[in-house]
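The structure under discussion appears below in the form of structure tokens.
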Amino acid sequence: MADDPQTPPSDLSNARIADLFDELGDLYELDGAVVHRVMAYRNGAKAMRDAPRSIAALTRAGTVTELPGIGKTLAEKLEALLTTGEIPALTKLRAKIPDGLRMITRLPGLGPKRAKRLHAELGIDGPEALRAAIADQRIRALSGFGPKSEEKLLAALDAAGDDLSGPKRELLSKALPIAEQLVAELRDRGAAVGVHRVEIAGSARRQADSVHDLDLIATADDAEGLVEIFASSELIDDVHRRGTNGASANTHTGLSVDLRVVAPDQFGNLLQHFTGSKAHNVAIREAAVKRGLHVSEYGILDDATGETERFATEEEVYARLGLPWIPPELRENRGELQLERVPKLIELEDLRGDLHMHTTASDGRGSIRDMVDAARALGHEYIAITDHSASHGFGDHVTPDQLRATIEEVRRLNDELDDFTVLAGSEVNILTDGSLDYDDELLAELDWVVASVHTAFGSDPTGRIIAACEHPSVDVIAHPTGRLIEKRTAYDLDVDAMIEAAARTGTFLEINGSPRRRDLHDVHARQAKDAGVLLVIDSDAHGPETQENVRWGIATARRAWLGPDDVANTRPWPALRKLRKGGR
DNA sequence: GCCGTTTTCGGCCCGACTGTTTTCAGTCG
């Protein structure tokens, strides 16, 4: 019964728990805690967010302190959170420190120390009070503040509007093509100023889900000339900072771009530094210090010689630190610095087929033939046509009779095609009782069955997905968590239980390539691989051109440390077919 | 608060920029 007080509450997700510990770090910082204590909370939050297993389960098992960065105190707070639903220290701090104060530290130029003084000395508790104090010129009366401070804070408040919820991030699919065009332009037009190298750095190079800006690193004989070419690009809207060795600008899409031009002998150091992530770089530097080496964007200082060594390539930087070159997608401090050899990661060319796409039969924009032509252009050997099923709604549903007609159409088409296979499939809805919306006989006729939750997210998604895994005809669970990047969090899903069910039943789990989904995400996909589950990378294309979205699925797979063998559709269809449940 | 081929105490990555300051704290990436 839902109202039975004995019913245990469903576990908090790792992301939700990590948010609470990040908040604790912020509030301790505003409370004046020493910076290392604050960092301990943030490191702990990152460890929780990156953990492949349920933090709640690890806490109950008493093994959560095995995660690096989580010690006795954080474990006690986790236990309190899971048993009582709250962390006493957080409750106390929230009462003491207004939420508005935490919000205004997100204004550029205003950190915790100065925000704390504004609160203590002027009673400022949020954006409105800050704006009023600036209007009355009360800020400049404080020591360490002046008219410039007021001016900048006002500009920052105006720029932020009413939204201080944090910086907006752009989907990788929006940002990366712009970065690639800029790089191509700088390489091309840069020939006139002796350009040597131009590379994308930052989170875009790491193929993260989203980015907050773009970083470009270059070398050229005439650095200022390259900056001029950058500033005059048609992709650039306005340049807000320009120097002889770099510039900061905005694209017309509102994305911020930094270009840095360095000497060739430092290119490796700078590219490594600006590729990040922060956690990766911090870990590298801490390890280096123990060996008497100090790493910065300019070089590696060796205590033994007092010399700073510069490197033209990243390979040399990593080699000097005793490490193999680490692919950017792995640079998140999730174990990559302990590697003696880097695992072989999957590449776009490894995919032989795409097993999730839609046509005009449901909500797609192309015919089956259009989708075949697009897949061939991408070098694929097979596709599955998986239109939405009988209960899809929006007038786009496919009745059982229509599906039978599609199966026949696919069979006929296969007779005409050489060296290409079309599979008759469906993306069936997992209904609220865990059943599917075609009968079992019809499902058994299909070559490929994708099952997904599209409705009633609040209605036991875990139980429904496990039931779908146990269905003999279901091959793969699509976009398993339902998240939409920068838009919607995952539904309340027990990922551990889903992965266990997938492993037990031989069901594949999808990495959906839609750039807004990339679902499973990297941490969960890596967890699935470690549990022995095979992943499938699909485009979920709704038109011929969006089959290229498998690119984003590959990006996520690489961030999940997957190799070609971990992904089912790197195999030819006859080999993949044998891996289906029951070897059908 | 975490952690240990220096350690259970005493450290904890690096450098640039800014605005306010006579030498630097705070902020940022």
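Just so it is clear, the model here is predicted, and its values are computed rather than measured. The sequence lines fix the lettering, A, B, ..., with proteins before strands; numbering per chain opens at 1.
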Original post:
When the ring planes of A:His280 and A:Tyr318 are compared, do they come out parallel, tilted or perpendicular, using 30° and 60° as the limits?
Top reply: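 The rings of A:His280 and A:Tyr318 sit tilted, inter-plane angle from 30° to 60°.
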**OP:** Could you tell me the separation between the NE2 atom of A:His273 and the P atom of B:dG15, rounded to a whole number of Å?
**Re:**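 One finds 10 Å between P of B:dG15 and NE2 of A:His273, rounded.
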**OP:** May I have the distance from A:Arg37 (atom CZ) to B:dC3 (atom C1'), rounded to whole angstrom?
**Re:**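 Going from A:Arg37 (CZ) to B:dC3 (C1'), I get 17 Å.
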Can you check the distance between [N] and [M], where both ends of the measurement are the [atom1] atom (answer in whole Å)?
N: B:dC14; M: B:dT8; atom1: C1'; result: 28 Å
N: B:dT21; M: B:dG26; atom1: P; result: 13 Å
N: B:dG11; M: B:dC24; atom1: C1'; result: 23 Å
N: B:dC12; M: B:dC17; atom1: C1'; result: 24 Å
N: B:dC9; M: B:dG15; atom1: C1'; result: 29 Å

**OP:** Measure across A:Ala490 and A:Arg483 and return the closest heavy-atom pair with its distance rounded to 0.1 Å.
**Re:**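 For A:Ala490 and A:Arg483, the tightest heavy-atom pair comes out as N-CB, 3.8 Å.
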**OP:** Can you figure out which of B:dG15, B:dC12, B:dT20 approaches the side chain of A:Lys148 most closely?
**Re:**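 The closest nucleotide is B:dT20.
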Original post:
Below 4.0 angstrom from OP1 or OP2 of B:dC2, is there any side-chain N or O of A:Thr73?
Top reply: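 Result: yes.
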Original post:
Contact class for A:Leu107 (heavy atom, under 4.0 Å): base, sugar-phosphate, or nothing?
Top reply: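 Sugar-phosphate only.
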Original post:
NA contact type, A:Lys72, heavy-atom cut-off 4.0 Å: base, sugar-phosphate, or nothing?
Top reply: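 If one applies the 4.0 Å heavy-atom cut-off, A:Lys72 turns out to touch the sugar-phosphate alone, with no base involved.
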Subject >> Partner of A:Glu329 by side-chain hydrogen bond (donor to acceptor under 3.5 Å, both in side chains), out of A:Arg205, A:Arg559, A:Arg206, A:Arg558 >> reply: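 For A:Glu329, the side-chain hydrogen bond (donor to acceptor under 3.5 Å, both in side chains) test succeeds with only one of A:Arg205, A:Arg559, A:Arg206, A:Arg558, which is A:Arg558.
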Subject >> A:Asp258: which of A:Leu216, A:Asp215, A:Leu214, A:Ile217 passes side chain to side chain contact (heavy atoms under 4.5 Å, CB included) >> reply: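 So, applying the side chain to side chain contact (heavy atoms under 4.5 Å, CB included) to A:Asp258 and each of A:Leu216, A:Asp215, A:Leu214, A:Ile217, only A:Asp215 qualifies.
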